[in-house]
Amino acid sequence: MVPGRLLHRRALWSLRLVCLLASLVVGHAAFATGTAPDLGPTMRFVVVRSNAPGCEPICPEWISAEGSIEARTPVLFKRMLKTLGGRNLPIVVDSPGGNVEAALTLGRLIRKNKLDIAVGKTRFDGCLPDAKDCAQNDGRGARYFGDAYASGAMCNSACPLMFAGGIRRLVGESAYLGVHQITTTYIRTKLQYRTTYRIVGGKKKVLSTRIVSRKSAGSYKTYEMSKAVEKRLAAYLDGMGVGPGVLETMKDTSASAIHQLEVQNMLRMKMVTSLDSVDMLTAGSICRATPLPGNCREVPAPADKATRPAAAEAAKVEPAAAAPTEPETVQQDNVADMRFVLVRGKSFLCDPDCPEWIAAEGRITAETPQKLRQLLGTLGDRRLPVVINSPGGDLSGALAAGRLIRERRLDVVVAGTEFMECEPEKPDCTAQDGVYVGLTNDALGECDAACPIMLAGGVRRLVGPHARLRLRSLDLDQQVKTYLEEMAVGPDLLAAVKLHSSQRQLDPRKMLKVGLTTGPQSADELTGASICKSAPKPGNCRLVSAPKLQADAPTKS
């Protein structure tokens with residue numbers, strides 16, 4: 001009896017299950033800005049070291065990005081970034097364009113990692129990126145060597161979307177940046193799927209759906225961006241600080257043509273940040289500047305057995321000088337005395353309400369406190385952060401300047417200031433209403449010898465992961481000890497100073513532990529373009545009227 005019932009139930013169940021094969025044609029869109037079927041090899045990324053004569057042992061390095069942008073290109077770029085260990089190297093790009101979605105992802109990665117970008121080509125010396133088992137550069141400290149140049153380089157189609165992600169964006173007169181309308185390819189696919197359902201109470205209840213076949217059903221293209229795509233691109237470019245003129249030019253240019261943007265127009269549209277070319281980021285001479293750009297790397301000369309005896313003999317004849325015990329002796333002839341200037345952020349992300357700061361760069365002298373006092377006298381009650389970049393100098397001057405900073409309750413951060421239009425020391429450089437324009441760069445910042453004493457005066461004292469802070473043994477008289485106690489810097493700093501007669505760089509955790517810094521944040525914490533959008537708004541933000549900004553903007557050529 002029981003087996004019969006079970007059989008009956010199974011038969012009833014099978015009657016209630018129905019398998020249905022159905023067909024459906026669906027489509028999805030793929031975006032590209034290039035109409036050519038073959039844009040050449042996919043983009044590859046390699047780190048290149050300058051082979052400029054005379055730049056060794058400290059030479060600039062950059063990321064060479066050449067080829068078409070494809071769906072997997074962002075993955076390749078991420079892998080490259082992981083190999084850099086946090087180094088911020090500029091990108092030298094040469095690309096005919098490609099996949100829009102991938103270009104947008106690349107741009108966001110570039111902005112996230114705060115990288116500069118320039119349109120240019122790389123001429124390789126020795127090993128080429130596609131060469132296998134090349135040993136020509138072995139022992140030279142880098143895999144690839146070469147020089148970057150602008151002539152004939154291009155960034156077309158989707159490439160400008162990648163380019164927009166750069167912090168500094170350079171094209172120059174000899175390179176080519178072109179835009180045009182987006183091509184949207186709609187791909188039709190025929191799907192066959194199986195649905196299993198059950199009839200319950202006269203109604204169909206779907207149990208599962210599974211695709212069993214997928215076939216191409218053709219495709220078609222459109223050469224005009226939809227409102228949804230236009231909205232996405234507009235939001236992206238605006239977020240990168242690029243003006244609406246670029247998108248309007250894309251829309252007005254046929255997909256079968258390329259509209260080359262003139263450099264002056266790119267500056268007006270905020271597509272580039274200055275009229276400079278790739279040389280500004282890659283020329284061998286940039287590593288002779290003070291402060292040293294962040295993409296300069298020192299490679300010690302290889303030990304040569306033939307020269308070792310001579311070097312040893314020279315060492316016997318002329319012994320090395322003893323390590324200095326006071327920061328006053330740590331001076332460089334090519335480092336000017338510290339000067340203080342007012343700077344306003346030049347990022348297009350913040351206009352018309354941008355942060356301002358005091359750029360303090362150069363060697364600390366006995367006159368440094370008075371120079372700072374004079375500048376502060378022009379600010380009234382405003383409290384602007386101090387962005388300091390100094391190799392050290394006079395200890396008494398550092399003590400007095402630190403006390404003045406604490407008296408005015410100012411914040412201090414170690415970073416370099418990159419001036420966007422002209423350098424303050426240049427005779428033909430005039431500040432607008434006494435304020436220069438620029439950006440801060442942690443990688444260009446150093447604070448050595450007596451400089452940490454001046455830094456200790458800040459209410460907030462920040463040293464980002466890419467800035468350099470070094471301690472050197474000081475004459476620890478009672479005056480220095482009293483000063484550090486006043487600044488609430490613990491005795492561990494004194495112990496660290498005593499232990500090191502030569503310079504020693506501190507990592508961020510050690511700086512926090514000894515009380516020299518109050519946080520590991522970068523200069524962006526005090527000078528970043530987005531801080532003026534926060535609530536409450538920081539005191540160093542200043543609103544400049546739109547008419548004034550328009551008057552200061554470059555005229556259309």
Side-chain angles (χ1 to χ4, degrees), residues 26-45 65-78 80-81 91 93-113 115 117 119 153-166 169 171 175-189 219-261 266 269-272:
V26 298
H28 65 277
F31 301 106
T33 56
T35 57
D38 183 10
L39 294 177
T42 187
M43 183 173 284
R44 54 103 181 100
F45 302 95
E66 297 191 5
S68 63
I69 301 170
E70 299 180 4
R72 289 190 67 255
T73 302
V75 175
L76 301 177
F77 185 54
K78 285 182 180 178
M80 162 60 66
L81 292 178
I91 300 169
V93 65
D94 179 48
S95 173
N99 186 290
V100 170
E101 293 291 346
L104 294 173
T105 302
L106 288 169
R108 293 188 181 100
L109 286 170
I110 291 168
R111 181 57 60 90
K112 179 181 178 181
N113 288 275
L115 306 181
I117 191 168
V119 178
M154 67 172 147
C155 181
N156 292 338
S157 249
C159 177
L161 298 175
M162 168 187 173
F163 179 82
R169 304 183 292 274
V171 175
Y176 189 106
L177 187 144
V179 298
H180 61 180
Q181 180 63 264
I182 284 178
T183 299
T184 306
T185 302
Y186 289 91
I187 302 171
R188 297 168 61 88
T189 304
S219 63
Y220 66 94
K221 296 180 179 180
T222 63
Y223 301 98
E224 189 171 316
M225 67 179 71
S226 66
K227 292 294 182 182
V229 173
E230 181 180 347
K231 185 177 180 180
R232 282 185 61 206
L233 294 183
Y236 169 82
L237 292 171
D238 181 65
M240 296 301 175
V242 177
V246 173
L247 183 58
E248 292 301 320
T249 305
M250 291 176 64
K251 291 168 55 182
D252 294 341
T253 305
S254 168
S256 61
I258 288 284
H259 182 105
Q260 181 181 4
L261 297 178
M266 283 190 276
M269 295 175 180
K270 304 177 184 177
M271 189 65 178
V272 298

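These figures come from a predicted structure and were not determined experimentally.
- In this structure the side chain of Val100 never reaches within 4.5 angstrom of the side chain of Ile69, judged on heavy atoms.
- When the salt bridge (charged side-chain N to carboxylate O under 4.0 Å, His left out) test is applied to Arg44, the partners found at least two apart in sequence or on another chain are Glu66.
- Under the 4.5 Å side-chain criterion, counting only non-hydrogen atoms from C-beta, Met154 is not in contact with Leu177.
- Between Met162 and Val93 the shortest side-chain heavy-atom distance falls below 4.5 Å.
- Between the side chain of Arg111 and the backbone N or O of Met240, at least one donor-acceptor pair lies under 3.5 Å.
- Thr253 is linked by a side-chain hydrogen bond (donor to acceptor under 3.5 Å, both in side chains) to nothing, counting only residues two or more places apart in sequence or in another chain.
- Between Val119 and Tyr176, the closest side-chain pair of non-hydrogen atoms is not below 4.5 Å.
- The minimum heavy-atom distance linking Ala102 with Pro74 is given by the pair O-CG, 3.7 Å.
- In this structure, the side chain of Ser95 engages the main chain of Gly67 through a donor-acceptor pair within 3.5 Å.
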### Message
Run the side chain to side chain contact (heavy atoms under 4.5 Å, CB included) test on Val171 and Met266 for me, step by step, so that the C-alpha distance in whole Å, both residues' side-chain angles and the decisive distance to 0.1 Å come before the verdict.
### Response
CA-CA 9 Å; Val171 175; Met266 283 190 276; 3.7 Å; yes
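- In this structure Lys251 satisfies the side chain to side chain contact (heavy atoms under 4.5 Å, CB included) test together with Gln181, Met225, Glu230, Leu247, Glu248, sequence neighbours excluded.
- A donor-acceptor pair under 3.5 Å is absent between the side-chain atoms of Asp238 and the main chain of Ala234, judged by distance alone.
- In terms of modelled atom types and a separation under 3.5 Å, the side chain of Asn99 and the main chain of Glu101 share a donor-acceptor contact.
- A 4.5 Å side-chain heavy-atom check between Arg169 and Val242 finds at least one atom pair inside the cut-off.
- Leu104 is listed as a side-chain neighbour of Leu233, based on a closest heavy-atom distance under 4.5 Å.
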### From CA spacing to verdict: side chain to side chain contact (heavy atoms under 4.5 Å, CB included), Ile91, Phe163
CA-CA 9 Å; Ile91 300 169; Phe163 179 82; over 6 Å; no
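- In terms of the ring-ring contact (aromatic ring centres under 6.0 Å, His included) criterion, residue partners of Phe45 (sequence neighbours excluded) are, by chain and number, Phe77.
- Summarising the geometry of Gly107 relative to Tyr236, their closest heavy-atom pair is CA-OH, 3.2 Å, with the distance given to 0.1 Å.
- Pairing each heavy atom of Ala65 with each of Met43, the nearest pair is CB-SD, 3.9 Å.
- The distance from the SG atom of Cys155 to the CG atom of Leu161 is 8.5 Å, given to the nearest 0.5 Å.
- Met269 is linked by a side chain to side chain contact (heavy atoms under 4.5 Å, CB included) to Val246, Thr249, Leu261, counting only residues two or more places apart in sequence or in another chain.
- Taken from CD1 in Ile117 to CD1 in Ile110, the straight-line distance is 4.0 Å, to the nearest 0.5 Å.
- In this structure, Ser157 OG and Met250 CE are separated by 8.0 Å, a value rounded to the nearest 0.5 Å.
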### Message
For Thr73 and Leu106: C-alpha separation, side-chain torsions, deciding distance, then whether side chain to side chain contact (heavy atoms under 4.5 Å, CB included) applies.
### Response
CA-CA 8 Å; Thr73 302; Leu106 288 169; 3.8 Å; yes
